[in-house]
Amino acid sequence: MALSSSFSTVRSLRFSGAWLAAALALLGFLALPFGRPGRDFFTIDASLRPWALNSIWLWLVFLAALAALIISFLPLKITLRGNLLAIAGAIGLFSGIGWLMVTTTPFGLGAMVSLLALVIVTGFGLSESGRIQSDAFVSSSILFVGLFILLFILFPVFTVLKTAFWVGGQFSLGKIMNTLKSPLFMFLENPYTERRELLIISLFAIAGTLLGLLWALWKKQGFWRLALITGVAALLGFLLGLMLFAKGALPTSLFLAVIVSLFSTLFGLSFAILGQRTRLKMVSQSLNAISLLPIITPPFILAFAMIFLFGRRGLITYSVFGLSTNALFGIIGVSLAQILAFTPVAYLVIRGSVSALDPALEEASQTLGANRWYLFRTITWPLLRPGLANAFLLTMIESFADFGNPLILGGDRSYLATEVFSAFSARFDPNEAAVYGLVLLTIVLIVFSLQRVWLGESSFVTVTGKPSSGNLSPLPAWLEAILVLIFAFWTLIVLALYFSIIYGSFVQLWGINNTLTFKHYQDFMNAGWPVFWYTARTAALSAIPAALLGFLIAYLVVRQQFWGRMFIEFGSMLSFAIPGTVMGVAYILAFNTGPWLLTSSMAIILIAFVFRNMPVAIRGGVAGLAQIDPSLEEASTTLRASSSITLRRILVPLLIIPLIGGLIFAFVRAMTAISQVIFLVSPGNMLATVLLLGWVEQGQLGRAAAMATVLIVSMLLVVLALTLFTRNRSVSSVGVSS
Amino acid sequence: MSAAPVKLSHVTKRFAKDVIAVDDISLEVEPGSLVTLLGPSGCGKTTTLRMVAGLERASSGQIFIDGQDVTQLPANLRDVTMVFQSYALFPHMNVFENVAYGLQVARRPADEIKKRAHEALALVGLEGLENRSTRALSGGQQQRVALARALVMQPKVLLFDEPLSNLDAKLRKRVREEIRDLQKSLGITSIYVTHDQEEALAISDVIVVINKGRIEQQGSPLELYTQPANHFVADFIGSASFLPGQYDGKTVSLANYQFDHEQTMSPGKVTVMVRPEAVMLASEGLKAQVLSASYLGSITDFLFQTELGEVMASIPGEGKMPLSKGDETHLRFKPAGIHLLKPSK
């Protein structure tokens with residue numbers, strides 16, 4: 001028994017790997033200009049080279065990089081060396097960023113290279129000093145992710161805040177007051193109607209107060225809870241009155257959100273119950289198909305299609321009923337379009353909690369002699385409630401944030417999401433846009449925190465076990481018939497809408513000249529194809545960093561312990577929660593001037609896509625990592641692998657399916673996104689959805705339909721390819737260790 | 001073969017502010033020996049092992065491997081490998097790829113990797129299974145792949161984290177003999193974590209008993225069994241009864257039963273530890289009544305009630321039950337199974 005002769009596997013620790021990054025920082029600093037004169041990165045302006053600028057801050061960057069290079073080779077104790085490296089890196093970073101901020105010079109290639117390299121130096125330092133108890137790859141990644149979240153998520157949001165409060169160079173509440181008082185925002189008393197709206201709304205508030213008080217008294221609540229319940233009820237009464245009788249963006253959006261989330265949740269629930277308990281195979285199969293729809297379709301496509309069916313020349317309104325009506329354009333049309341678009345979202349959420357309902361619970365209850373109604377009231381309903389509330393709040397957020405549907409079908413009413421855009425690009429008032437953005441942001445964050453507070457723990461009540469083998473009791477025949485009818489009707493409308501887009505792309509002029517033609521496709525090839533191709537390339541280019549960054553964040557958050565982990569978790573969540581329009585106006589305000597000048601370039605669109613779509617990959621990564629035994633990574637580590645090797649050789653192969661899934665969904669989401677990027681497009685950087693929306697608005701419905709058809713069909717193909725790919729490799733058999 | 005000493009000096013691990021998993025542990029592992037960290041679950045033994053591996057960093061104290069201070073050294077730079085409780089075989093690699101992984105990471109030449117991986121697999125008796133998927137192996141075989149993967153790196157120190165807990169009882173005995181033989185013949189310094197006292201007694205040069213993050217006692221299996229330092233160790237290793245008694249430097253008194261005993265111990269009140277196999281039935285001695293008796297073939301397990309407390313006994317039955325429930329008798333104790341402890345509060 002013998003093993004071949006030994007070799008030393010301990011790598012030399014006589015010098016730090018930080019030297020390479022430090023050298024790169026020096027090189028970038030010396031060879032490239034630190035700033036740039038305008039938007040173009042590659043204009044080399046000699047006056048913006050560091051020695052021409054000759055600022056003490058810049059020499060600090062130089063000295064820090066030089067010091068880091070020397071320290072890397074000093075024979076010091078490793079913790080001391082780490083601390084010194086971290087300090088040198090941090091000094092260089094702060095002085096470099098400080099100089100950019102103070103002089104507001106747009107950062108140049110040199111700044112980019114040397115500052116990023118200094119982040120790596122700091123990462124090495126934090127790792128070697130033991131402050132971040134992992135290797136340099138992990139600590140550098142943590143720093144990079146933290147800085148990116150600061151720069152591309154928190155800083156833009158902060159800029160919105162600043163722009164709302166900071167008008168013309170000084171602090172002022174005037175803009176906020178003016179905007180909130182403007183009739184566009186909220187219009188209480190309409191002098192042209194007989195009705196006394198203000199009085200009615202006040203009555204609603206009073207009625208709410210009384211009802212809340214009575215209820216609290218009846219439930220025998222203590223003083224503080226009584227006060228709280230009464231207050232909430234008063235607010236609800238006021239909001240109800242506002243929704244029903246006031247005009248303006250706030251009441252309209254509020255009304256819309258409540259209606260849409262009520263109906264979407266209701267439909268979602270009926271579909272979920274139907275999907276679980278129906279005996280009709282066809283119904284459950286088509287349910288899976290509808291859950292795909294919102295993924296592959298830009299959110300406003302249904303609104304567009306509704307013009308074909310219900311507009312002034314609509315197939316149903318005009319051809320069938322002979323009506324040439326504008327009724328579609330307004331709150332009815334928008335709510336219809338949103339209900340159609342968000343029901344699948346609600347369905348997906350509720351499906352989770354319906355399938356988590358353990359049949360054994362129902363059987364147990366039935367053996368105890370419970371009748372159907374009692375069963376529903378005591379078992380099914382309490383278990384479903386968190387899922388329903390979740391779906392309700394989620395669709396509410398979607399409705400508030402939705403931009404395309406109100407833009408197309410909004411009619412003469414104003415909506416919060418569209419007001420952000422019109423304030424900015426029609427009224428040219430960035431401060432007003434920021435105020436609207438702030439209002440929208442506040443509402444959405446309130447709804448989100450409600451969701452967290454109420455459902456934080458309760459939403460996964462029965463997910464502990466696998467669905468057991470018990471048989472689900474079939475639905476009563478009458479109920480199943482009603483549900484199937486609703487579903488059939490819903491499906492019929494959706495199919496008709498999609499069909500009308502395809503058909504509309506082949507007719508001369510919808511409703512007027514119905515001869516078939518390829519004209520619109522020729523128009524699309526001329527005017528739309530370059531944009532479409534550019535969008536596809538940009539989306540694909542953004543999907544790679546979005547998926548990789550998302551997975552990296554998932555890995556850091558799930559597998560590493562470090563100070564600030566909550567910040568990264570919260571920050572990356574935030575980019576998912578913030579409405580696209582708010583993020584759009586935030587980006588244009590934050591990156592249009594100053595050190596981080598990025599607008600009017602492909603870069604800003606790429607960055608917007610990456611940070612908007614990365615949360616999808618984070619979720620996939622977190623779910624995937626939960627399936628993998630952490631001791632696999634530890635085994636790899638004890639076999640001398642650094643964390644980057646472990647990631648590459650163990651985790652990426654085991655998580656390849658969710659990784660590709662993240663990649664595809666990041667791509668599809670980028671292709672169909674509209675609300676954020678509509679602020680960011682510029683000549684030469686046009687995107688397909690923005691062009692499509694423009695065509696719809698200009699009434700060029702034919703070529704818009706052609707473009708929409710191409711978009712939907714290609715997204716469908718991409719998603720189908722993914723489904724086929726993942727079906728061939730069973731996900732469950734990979735990555736689960738004993 | 002490189003055999004390296006390991007030294008832990010006042011090592012402490014705090015998780016949250018006030019959760020102390022490992023509390024001021026100091027210990028030295030002789031080169032080439034196998035030291036077992038033994039204790040109930042949650043006592044800090046696995047955390048100690050993981051700090052030696054570098055998978056956790058010590059909050060304070062120092063760890064030396066082969067004389068080098070590795071306290072702040074990340075796990076992948078330490079010359080240490082580990083066999084995991086769950087084996088942690090890479091599911092997307094076959095047997096050979098698993099064993100070769102560490103050598104590939106170290107960028108050894110391909111022919112060397114091949115040669116050494118085969119040697120390691122031969123060592124654990126798995127030659128010929130190189131191209132099997134690890135999922136097609138039995139639990140015992142997976143265990144050996146994990147061992148080969150750790151051995152192939154020729155580490156200075158080999159760590160075992162409850163490596164046998166996923167095997168069934170019979171296999172466990174066999175594999176632990178194999179691990180011990182291999183460790184002895186290769187002379188690799190090893191640290192082994194288990195909560196199974198029988199396993200610890202069977203394979204260790206030195207056992208370190210840990211409780212609540214602190215070392216209760218360390219010594220050879222024989223020392224720990226015959227001269228436990230305190231009630232916890234006596235109770236955790238083997239089983240024992242504890243009776244309050246008096247010691248005058250020469251004679252132990254248990255009520256009216258007295259016997260001679262030699263132990264460096266200050267005279268006065270003591271707790272007398274009695275191993276079950278030291279108990280004999282007699283016509284005089286400590287008066288006892290049978291509380292329960294279970295006939296186990298070669299021996300009979302008794303529980304006696306005495307005026308000083310309950311006494312467990314394993315008595316050779318010679319084919320018949322000597323006593324049954326309720327019978328009265330007297331007990332005498334063989335000197336080898338007696339040890340005096342400081343009286344417990």
Side-chain angles (χ1 to χ4, degrees), chain A residues 1-13 17 77-82 127-139 561 627-646 648-656 729 733-738, chain B residues 1-2 15 50 53-57 68-93 98 101-106 108 112 115-116 119-120 122-123 134-135 139 142 146 149-156 159 161 166 181-182 185-186:
Chain A
M1 276 203 223
L3 291 169
S4 328
S5 64
S6 169
F7 65 94
S8 172
T9 44
V10 176
R11 281 174 217 154
S12 170
L13 286 168
K77 208 172 158 235
I78 186 165
T79 44
L80 176 65
R81 193 176 66 196
S127 166
E128 288 181 1
S129 67
R131 283 174 201 284
I132 291 178
Q133 304 210 330
S134 199
D135 59 17
F137 171 79
V138 168
S139 48
Q561 297 287 331
Q627 301 276 309
I628 292 180
D629 183 357
S631 59
L632 289 183
E633 291 145 68
E634 292 174 352
S636 169
T637 306
T638 59
L639 293 168
R640 318 277 186 271
S642 63
S643 55
S644 56
I645 294 182
T646 303
R648 202 180 67 230
R649 294 208 41 185
I650 307 295
L651 287 179
V652 168
L654 289 177
L655 290 173
I656 193 70
R729 309 168 173 222
S733 72
V734 177
V736 189
S737 92
S738 52
Chain B
M1 195 81 253
S2 53
F15 278 113
R50 288 168 60 85
L55 296 170
E56 309 272 359
R57 300 268 176 111
Q68 188 199 2
D69 182 352
V70 298
T71 319
Q72 293 301 332
L73 204 61
N76 61 319
L77 300 184
R78 297 188 187 186
D79 219 344
V80 169
T81 55
M82 183 150 159
V83 177
F84 289 81
Q85 184 171 11
S86 62
Y87 316 143
L89 298 181
F90 306 130
H92 56 305
M93 300 181 188
N98 262 285
Y101 179 81
L103 299 172
Q104 284 166 355
V105 168
R108 310 305 300 172
E112 183 193 328
K115 179 162 161 270
R116 291 177 51 175
E119 281 172 1
L123 217 49
T134 56
R135 267 170 285 170
Q142 291 187 6
R149 188 176 67 178
L151 282 174
V152 79
M153 301 301 289
Q154 300 173 5
K156 284 183 178 154
L159 306 177
D161 183 14
N166 284 340
D181 288 347
L182 210 56
S185 65
L186 295 173

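By convention in this document, chain letters (A, B, ...) are assigned in the order of the sequence lines, proteins followed by strands, and residues within each chain are numbered from 1.
For the pair B:Leu55/A:Thr638, a side-chain contact is recorded, criterion being any heavy-atom separation below 4.5 Å from C-beta on. Contact annotation: the side chain of B:Gln72 never approaches that of A:Lys77 to less than 4.5 Å [non-hydrogen atoms, C-beta and beyond].
Distance check, rounded to the nearest 0.5 Å: CZ of B:Arg57 to OG of A:Ser134 gives 7.5 Å. Here the straight-line distance linking atom CD1 of A:Ile78 with atom OG1 of B:Thr71 works out to 11.0 Å at 0.5 Å rounding.
In this model, a donor atom of one side chain and an acceptor atom of the other lie less than 3.5 Å apart for A:Asp629 and B:Ser86.
Looking at A:Thr637, both its backbone and its side chain come within 4.5 Å of chain B, counting heavy atoms on both sides. Heavy atoms closer than 4.5 Å to chain A are found in both the backbone and the side chain of B:Arg149.
Contacts of B:Phe90 classified as ring-ring contact (aromatic ring centres under 6.0 Å, His included), with partners at least two apart in sequence or in another chain: B:Tyr101. Contacts of A:Thr646 classified as side-chain hydrogen bond (donor to acceptor under 3.5 Å, both in side chains), with partners at least two apart in sequence or in another chain: A:Ser636.
For B:His92 (side chain) and A:Leu651 (main-chain N/O), no donor-acceptor pair under 3.5 Å exists by modelled atom type.
Contact record, B:Met153 with A:Arg640: CE-CG, 3.5 Å, taken as the closest heavy-atom pair. The shortest heavy-atom contact between A:Ser631 and B:Phe84 is CB-CD2, 3.7 Å. In this structure, B:Pro91 and A:Leu632 approach most closely via the heavy-atom pair CD-CD1, 3.8 Å.
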